[in-house]
Amino acid sequence: MSTLYLVATPIGNLEDMSHRAIRILSEVHLIAAEDTRRTRKLLAAYGIKTPLTSYHGHSDRAKLAHLSKLLEEEDVALVSEAGMPVISDPGYELVKMALETGVSVVAVPGPSAVPVALAVSGLPADQFTHLGFLPRKKGDRRRLLGSVVAEQRTLVMFEAPHRLLASLGDIGDVLGDREIAVCRELTKMHEEVFRGTVMQAISHFTHPRGEFTVVISGRRDERRAGTVSDSAMEELRRLRREGVSAKDAVGQVSQATRLSKKVIYRAWIDLA
């Protein structure tokens with residue numbers, strides 16, 4: 001029986017390629033790649049001569065049918081532009097077709113931006129919700145964020161540089177000024193991990209460049225927490241210095257953090 005191999009490839013640093021991945025890519029009959037130009041560079045780096053064909057989100061049914069026919073007799077490897085195929089990348093239809101036709105589907109694990117970002121974020125990583133790429137349209141993006149307002153698990157998402165600031169703004173408006181880790185160019189030469197709050201991230205990334213993975217803290221359980229974050233306390237101090245009334249200050253910070261006014265007011269009193 002033939003096999004469809006889902007081969008993880010480096011998300012940046014080519015040294016992250018596994019020995020098994022190199023062997024599989026060398027042995028299969030064909031490699032189906034999301035980005036053939038990027039994959040050719042990877043294959044050249046490891047001296048892999050296997051034929052290459054394109055398979056991406058815009059591939060038509062004819063390409064799917066071609067790969068299906070080939071898989072009746074030959075092994076094929078699927079690689080995405082970077083990371084694990086199918087995870088927020090094209091490949092689902094091919095995997096589904098393979099399983100429906102009795103083809104074995106085997107994953108060759110390796111690099112993935114999601115666990116890497118979670119590991120370095122400094123936020124809880126025991127449970128998380130992956131949102132993939134946020135919608136491009138503002139209304140759709142805010143609706144998606146609104147659907148996870150009450151989610152207490154850590155949130156992970158991808159974003160393009162030209163939409164990062166707009167998305168961070170919507171995240172702040174919808175989810176509040178939560179703790180966040182914005183990971184840029186993971187494993188690459190210019191890797192950067194910014195840790196702080198949403199508003200601080202907006203101030204930091206004035207001209208975003210590169211590929212971004214964003215990790216956001218889940219909604220806090222007030223019954224267990226009972227306190228506000230350091231950044232929220234600093235905002236309360238600022239409002240107090242500016243002479244803002246307790247009612248207005250509590251209202252503003254409560255709306256930004258999604259914590260109850262009771263919790264925020266208790267923090268306000270503690271500042272006296």
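Heads up: numbering here begins at 1 and tracks the sequence. What's counted below: heavy atoms across the whole structure, side chains too, no hydrogens, waters or symmetry copies.
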_Please verify the inter-ring angle class for His204 with Phe194; under 30° counts as parallel, over 60° as perpendicular, anything in between as tilted._
parallel

*Less than 4.5 Å apart, any side-chain heavy atom of Leu134 and any of Asp170?*
no

*Report yes if the side chains of Pro109 and Arg20 come closer than 4.5 Å at any heavy-atom pair, otherwise no.*
yes

*Determine whether His190 and Arg209 make a side-chain contact, defined as any pair of heavy atoms from C-beta on separated by less than 4.5 Å.*
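Side chain of His190 against side chain of Arg209, heavy atoms only: no contact under 4.5 Å found.
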
*Could you check if a side-chain atom of Glu93 sits within less than 4.5 angstrom of a side-chain atom of Arg61, using non-hydrogen atoms only?*
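They are in contact (side-chain heavy atoms under 4.5 Å apart), so the answer is yes.
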
*Ala166 and Arg141: which non-hydrogen atoms are nearest, and at how many Å?*
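Minimum heavy-atom contact is CB-NH2, 3.7 Å.
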
*Heavy-atom neighbours of Lys261 NZ exceed 12 at 6.0 Å*: no

*What is the minimum heavy-atom distance between Leu4 and Ala98, and which atoms define it?*
CD2-CB, 4.0 Å

*Same cluster for Ile87 and Leu144 if Ile/Leu/Val/Met/Phe/Trp/Tyr side chains link at under 4.5 Å?*
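The answer is no; the residues belong to distinct hydrophobic clusters.
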
_Smallest separation among heavy atoms of Met17 and Tyr46, with atom names_ =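 Closest approach of Met17 to Tyr46, heavy atoms only: CB-OH, 3.5 Å.
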
*Would Val106 and Val28 show up in the same hydrophobic cluster when neighbours are defined by side-chain heavy atoms closer than 4.5 Å?*
yes

*Crowded around Arg238 CZ? As in, over 12 foreign heavy atoms under 6.0 Å?*
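More than 12 within 6.0 Å, yes.
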
*Considering only heavy atoms from C-beta outward, does the side chain of Leu118 approach that of Leu123 to under 4.5 Å?*
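SC-SC contact between Leu118 and Leu123 ruled out.
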
*Note, Leu164 side chain near Val214 side chain (heavy atom, < 4.5 Å)*: yes

*Keeping to residues at least two apart or across chains, list the ring pair (Phe, Tyr, Trp, His ring centres under 6.0 Å) pairs with something in residues 130-157.*
His130-Phe158, Phe133-Phe158

*Check whether any side-chain N or O of Thr197 sits under 3.5 Å from a backbone N or O of Gln200 as a donor-acceptor pair, and report yes or no.*
yes

*Give a yes or no on this: more than 12 heavy atoms of other residues, nucleotides or ligands lie within 6.0 Å of atom CD of Glu179.*
no

*asked:* Quick check on Glu242: does its CD atom have over 12 non-hydrogen neighbours (other residues, nucleotides or ligands) under 6.0 Å away?
replied: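 Result for CD/Glu242: enclosed.
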
*According to a 4.5 Å side-chain heavy-atom criterion applied to Ile, Leu, Val, Met, Phe, Trp and Tyr, with indirect links allowed, do Ile11 and Met189 form part of one hydrophobic cluster?*
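No; tracing contacts between hydrophobic side chains, which count when under 4.5 Å, never links both residues.
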
_side chain to side chain contact (heavy atoms under 4.5 Å, CB included) between Val120 and Arg195, intermediate numbers included_ = CA-CA 10 Å; Val120 301; Arg195 303 175 184 86; 4.0 Å; yes

*Is the number of heavy atoms from other residues, nucleotides or ligands under 6.0 Å of Lys247 NZ greater than 12?*
no

*asked:* Using the side chain to side chain contact (heavy atoms under 4.5 Å, CB included) definition, which of the options Asp35, Leu25, Leu6 pairs with Val79?
replied: Leu25

*Taking all heavy atoms of Val198 and all of Asp177, pick out the closest pair and write down the distance.*
N-OD1, 3.0 Å

_If I compare all heavy atoms of Ala150 with all of Arg219, which pair ends up nearest, and what's the gap?_
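Taking Ala150 first and Arg219 second, the nearest heavy atoms are CA-CD, 3.9 Å.
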
*So which heavy atom on Gly91 is nearest to which on Val86, and how close?*
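Of all heavy-atom pairs spanning Gly91 and Val86, the closest is C-CG2, 3.9 Å.
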
*Heavy atoms, side chains only, cut-off 4.5 Å: are Val114 and Thr213 in contact?*
no

*Set of ring pair (Phe, Tyr, Trp, His ring centres under 6.0 Å) partners for His66, sequence neighbours left out*: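 Checked His66 against ring pair (Phe, Tyr, Trp, His ring centres under 6.0 Å); zero matches.
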
*Hey, is CZ on Arg237 packed in by over 12 heavy atoms from elsewhere, all under 6.0 Å?*
yes

_Apply side chain to side chain contact (heavy atoms under 4.5 Å, CB included) to residues Thr101 and Leu71 and explain how you reach the verdict._
CA-CA 9 Å; Thr101 56; Leu71 278 165; over 6 Å; no

*Does the pair Glu235 and Met199 meet the rule for a side chain to side chain contact (heavy atoms under 4.5 Å, CB included), with working shown?*
CA-CA 11 Å; Glu235 178 65 7; Met199 295 301 107; over 6 Å; no

_If you count heavy atoms of other groups shown closer than 6.0 angstrom to CD of Glu27, is the number above 12?_
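It does: Glu27 CD has more than 12 such atoms within range.
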
*Is there a side chain to side chain contact (heavy atoms under 4.5 Å, CB included) between Arg136 and Asp140 once you walk through the steps?*
CA-CA 7 Å; Arg136 296 183 180 186; Asp140 294 338; over 6 Å; no

